[in-house]
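What follows is a short report on a single structure.
All values below come from the heavy atoms of this structure, side chains included, with hydrogens, waters and symmetry mates left out.
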Amino acid sequence: MITMDMQMEFFRKMPTPQELKTKFPLNARVAAIKEERDQQIADIFAGKDDRLLLIIGPCSADSEDAVLDYLYRLAKVADRVKDKIFIIPRVYTNKPRTTGLGYKGMLHQPDPDAKEDMLTGIIAIREMHTRAVRETGFTCAEEMLYPENHRYLSDLLAYVAVGARSVEDQQHRIVASGIGIPAGMKNPTSGDISVMMNSLIAAQHGHTFLYRGWEVKTAGNPLAHAILRGYVNQYGRTFPNYHYEDLQGLLDAYHEKAELKNPAVIVDTNHCNSGKRWQEQVRIAKDVMHSCRVSADINQLVKGFMIESYLKDGNQPIGGGCYGQSITDPCLGWDKSKALIYGLAEMV
């Protein structure tokens with residue numbers, strides 16, 4: 001152990017992403033699946049493919065067995081709706097915490113016996129994402145909570161979201177400019193749309209900056225786009241921003257930023273849009289689909305939804321013991337999720 005000062009201990013030097021990728025390589029089939037799906041997703045955001053995009057899955061991927069069980073079920077549904085809906089599973093292994101306390105994801109808590117062993121956590125995360133592609137054909141979505149860790153999964157992921165607490169951070173914005181896959185930038189918790197639009201400008205432009213000990217250059221990410229997730233006012237009350245007027249307002253904001261490419265929005269149906277009333281996600285998604293039918297411009301802008309879904313309805317405390325139920329935000333259970341997917345397919 002090397003002690004650098006009295007405030008911070010440099011406990012263990014971690015392997016570089018390239019070293020970990022070399023130790024846990026992907027086979028040609030997995031690489032080909034990612035390449036094909038990346039192109040299909042890019043076509044959806046570029047308006048060349050009019051399928052609806054669903055980024056759907058657990059609030060937090062805390063159990064590999066339950067997550068893979070969910071993905072196996074989801075793959076069967078995805079195959080039935082593939083002509084109308086393209087599904088990217090949420091496999092979120094890092095969780096932001098408002099106070100910094102509580103469950104922060106597999107990186108910090110990979111299993112009860114490995115507590116703070118972060119190398120074990122990184123390996124577990126990579127293995128779960130690899131199994132997802134290898135066994136179900138899904139490349140998945142993650143939240144880019146720690147930009148410096150993205151490279152550990154960059155050969156596996158289909159989609160990255162930058163959260164409401166991170167979207168104002170310069171490192172998140174400029175790393176998003178060079179990741180090579182769609183980056184969804186959420187509106188901040190205050191709901192200030194101008195902050196989100198500024199993040200899109202930053203992510204779509206190229207930058208030169210320091211990253212993982214290197215001077216790097218990026219060309220900009222033309223697939224960076226908006227995510228509407230609702231907001232909280234100064235009194236702690238939640239408000240939605242998925243209604244027709246909100247979508248029209250976002251469309252106007254895009255028009256004011258004419259330099260932005262591929263105007264697009266993903267609507268997060270949970271969080272402040274639902275007030276964390278997980279069952280409301282069904283109604284919210286259908287409400288947005290109605291707005292798309294009313295306005296051709298909104299229909300072109302809305303590319304899909306982000307939905308929190310797992311095997312069991314609701315949530316439980318950590319250690320609650322209910323297989324396939326969220327230990328963070330409450331989620332739609334499997335039966336309701338399946339019905340929602342089929343219902344949305346009929347509305348496309």
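- Residues Pro188 and Met196 share a closest heavy-atom pair of CD-N, 4.3 Å.
- Inspection of the Tyr211 and Gln171 side chains reveals no N or O donor paired with an N or O acceptor under 3.5 Å.
- Using a 4.5 Å heavy-atom cutoff, the side chains of Lys261 and Gln204 are in contact.
- Although no hydrogens or angles enter the test, the distance criterion places no donor-acceptor pair under 3.5 Å between the side chain of Asn94 and the main chain of Met144.
- Annotation: side-chain contact (heavy atoms from CB on, under 4.5 Å) contacts of Glu35 (sequence neighbours excluded): none.
- Side-chain contact between Leu250 and Tyr254 is present, with at least one heavy-atom pair separated by less than 4.5 Å.
- In the model, Lys276 has no side-chain atom that pairs as donor or acceptor with a side-chain atom of Thr238 under 3.5 Å.
- Checked by atom type, the side-chain pair Ser199/Arg173 shows no donor-acceptor distance below 3.5 Å.
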Checklist entry - Checking side-chain hydrogen bond (donor to acceptor under 3.5 Å, both in side chains) for the pair Ser154/Lys21: CA distance, chi angles, key distance, verdict? => result CA-CA 10 Å; Ser154 60; Lys21 289 174 180 176; 2.7 Å; yes
Item to check | side-chain contact (heavy atoms from CB on, under 4.5 Å) assessment of Phe209 paired with Glu215 | outcome: CA-CA 6 Å; Phe209 57 99; Glu215 178 184 351; over 6 Å; no
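- Residues Phe45 and Ala264 approach most closely at CD2-CB, 3.8 Å, considering heavy atoms.
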Next on the checklist: Using the rule given for side-chain contact (heavy atoms from CB on, under 4.5 Å), can you reason through Tyr103 versus Ser60, listing the C-alpha separation, both sets of side-chain angles and the distance that settles it, and then say yes or no?
Outcome noted: CA-CA 9 Å; Tyr103 181 75; Ser60 53; 4.1 Å; yes
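- Of all heavy-atom pairs between Ala66 and Leu311, the closest is O-CD1, 3.9 Å.
- Gln316 contributes a side-chain N or O that, together with a main-chain N or O of Gln325, makes up a donor-acceptor pair within less than 3.5 Å.
- By the 4.0 Å N-to-carboxylate-O rule, Glu143 lies too far from Arg165 to be salt-bridged with it.
- Between Ala203 and Ala176, the closest heavy-atom pair is CB-CB, 4.2 Å.
- In this structure, the side chain of Asp169 does not engage the main chain of Ser166 through any donor-acceptor pair within 3.5 Å.
- Under the salt bridge (Lys or Arg N to Asp or Glu O under 4.0 Å) criterion, Asp69 pairs with Arg73, sequence neighbours left out.
- Closest non-hydrogen pair, Ala124 versus Met106, comes out as CB-CE, 3.6 Å.
- Between His225 and Asn262, the closest side-chain pair of non-hydrogen atoms is not below 4.5 Å.
- Side-chain contact check for Arg293 versus Asn299: every heavy-atom pair is 4.5 Å or farther apart.
- Taking the six-membered ring for Trp and the full ring otherwise, the centers of His129 and Tyr152 sit at least 6.0 Å from each other.
- At a threshold of 4.0 Å, the pair Lys34-Asp155 does not count as salt-bridged, since none of the basic side-chain nitrogens sits closer than that to a carboxylate oxygen.
- A side-chain donor-acceptor contact under 3.5 Å links Ser326 to the backbone of Thr328.
- Using a 4.5 Å heavy-atom cutoff, the side chains of Tyr231 and Thr189 are not in contact.
- Salt bridge Asp79/Lys76: absent, no basic N to carboxylate O contact under 4.0 Å.
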Item to check | Trace of the side-chain contact (heavy atoms from CB on, under 4.5 Å) decision for Val167 with Asn187 | outcome: CA-CA 7 Å; Val167 74; Asn187 64 259; over 6 Å; no
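- Side-chain N or O atoms of Arg90 include none that pairs as donor or acceptor with a backbone N or O of Cys140 at under 3.5 Å.
- Atom-to-atom distance recorded for Ile307:CD1 and Leu332:CG is 7.5 Å, nearest 0.5 angstrom.
- In this structure the side chain of Leu228 never reaches within 4.5 angstrom of the side chain of Asp268, judged on heavy atoms.
- In terms of heavy-atom proximity, Glu127 sits nearest to Arg134 at OE2-NH2, 3.6 Å.
- Going from atom CG of Leu223 over to atom OH of Tyr159 covers 10.5 Å, rounded to the nearest 0.5 Å.
- For the 3.5 Å distance criterion, the side chains of Glu142 and Thr93 qualify, holding a donor opposite an acceptor.
- A continuous path of hydrophobic side-chain contacts links Phe305 to Tyr310 [ILVMFWY only; heavy atoms under 4.5 Å].
- The backbone N or O of Lys84 sits nowhere less than 3.5 Å from a side-chain atom of Arg51 that would complete a donor-acceptor pair.
- The main-chain N or O of His271 is never found under 3.5 Å from a side-chain atom of Arg229 such that the two would form a donor-acceptor pair.
- Remark: the backbone N or O of Asn241 is paired with a side-chain donor or acceptor of Asn273 at under 3.5 angstrom.
- At a cut-off of 3.5 Å, with distance as the only test, no side-chain donor of Asp297 or Ser295 sits close to an acceptor on the other residue.
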Next on the checklist: Is there a side-chain contact (heavy atoms from CB on, under 4.5 Å) between Ile44 and Leu52? Walk through the geometry before answering.
Outcome noted: CA-CA 8 Å; Ile44 291 172; Leu52 189 71; over 6 Å; no
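- A distance below 6.0 Å separates the ring centres of Trp334 and Tyr70.
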Next on the checklist: For Ser190 and Asp192: C-alpha separation, side-chain torsions, deciding distance, then whether side-chain hydrogen bond (donor to acceptor under 3.5 Å, both in side chains) applies.
Outcome noted: CA-CA 6 Å; Ser190 68; Asp192 188 341; 5.1 Å; no
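- In terms of hydrophobic clustering, with Ile, Leu, Val, Met, Phe, Trp and Tyr side chains grouped at heavy-atom distances under 4.5 Å, Val195 and Val232 are assigned to different clusters.
- There is a path of hydrophobic side-chain contacts, each under 4.5 Å, that joins Val133 to Val160.
- The number of heavy atoms from other shown groups lying within 6.0 Å of CD (Gln40) is above 12.
- Note: Ser309 OG to Ile341 CD1 = 6.5 Å, rounded to the nearest 0.5 Å.
- Screening Asp287, Val265, Leu247 for a side chain to side chain contact (heavy atoms under 4.5 Å, CB included) with Tyr242, the sole residue that qualifies is Asp287.
- Side-chain atoms of His290 never come within 3.5 Å of backbone atoms of Val288 as a donor-acceptor pair (strictly under, hydrogens ignored).
- Two residues are said to be in side-chain contact when any heavy atoms from C-beta on lie closer than 4.5 Å; Gln279 and Lys336 fail this criterion.
- Atoms CG and CD, from Leu71 and Glu64 in turn, are 10.0 Å apart once rounded to the nearest 0.5 Å.
- Placement of Val91 and Val30 within a single hydrophobic cluster is found when ILVMFWY residues are connected by side-chain heavy-atom separations under 4.5 Å, directly or transitively.
- Between Met306 and Thr269 the shortest side-chain heavy-atom distance does not fall below 4.5 Å.
- Each of Met289 and Phe86 belongs to its own hydrophobic cluster when Ile, Leu, Val, Met, Phe, Trp and Tyr are linked at side-chain heavy-atom distances under 4.5 angstrom.
- The line from CG of Leu210 to CD of Glu148 is 13.0 Å long, rounded to the nearest 0.5 Å.
- In this structure, Arg80 places its CZ atom where only 12 or fewer heavy-atom neighbours from other residues, nucleotides or ligands lie under 6.0 Å away.
- With no hydrogens or angles considered, a side-chain donor-acceptor pair links Ser274 and Asn270 at under 3.5 Å.
- Of the possible polar contacts, none joining the His150 side chain to the Leu145 backbone as a donor-acceptor pair under 3.5 Å is found.
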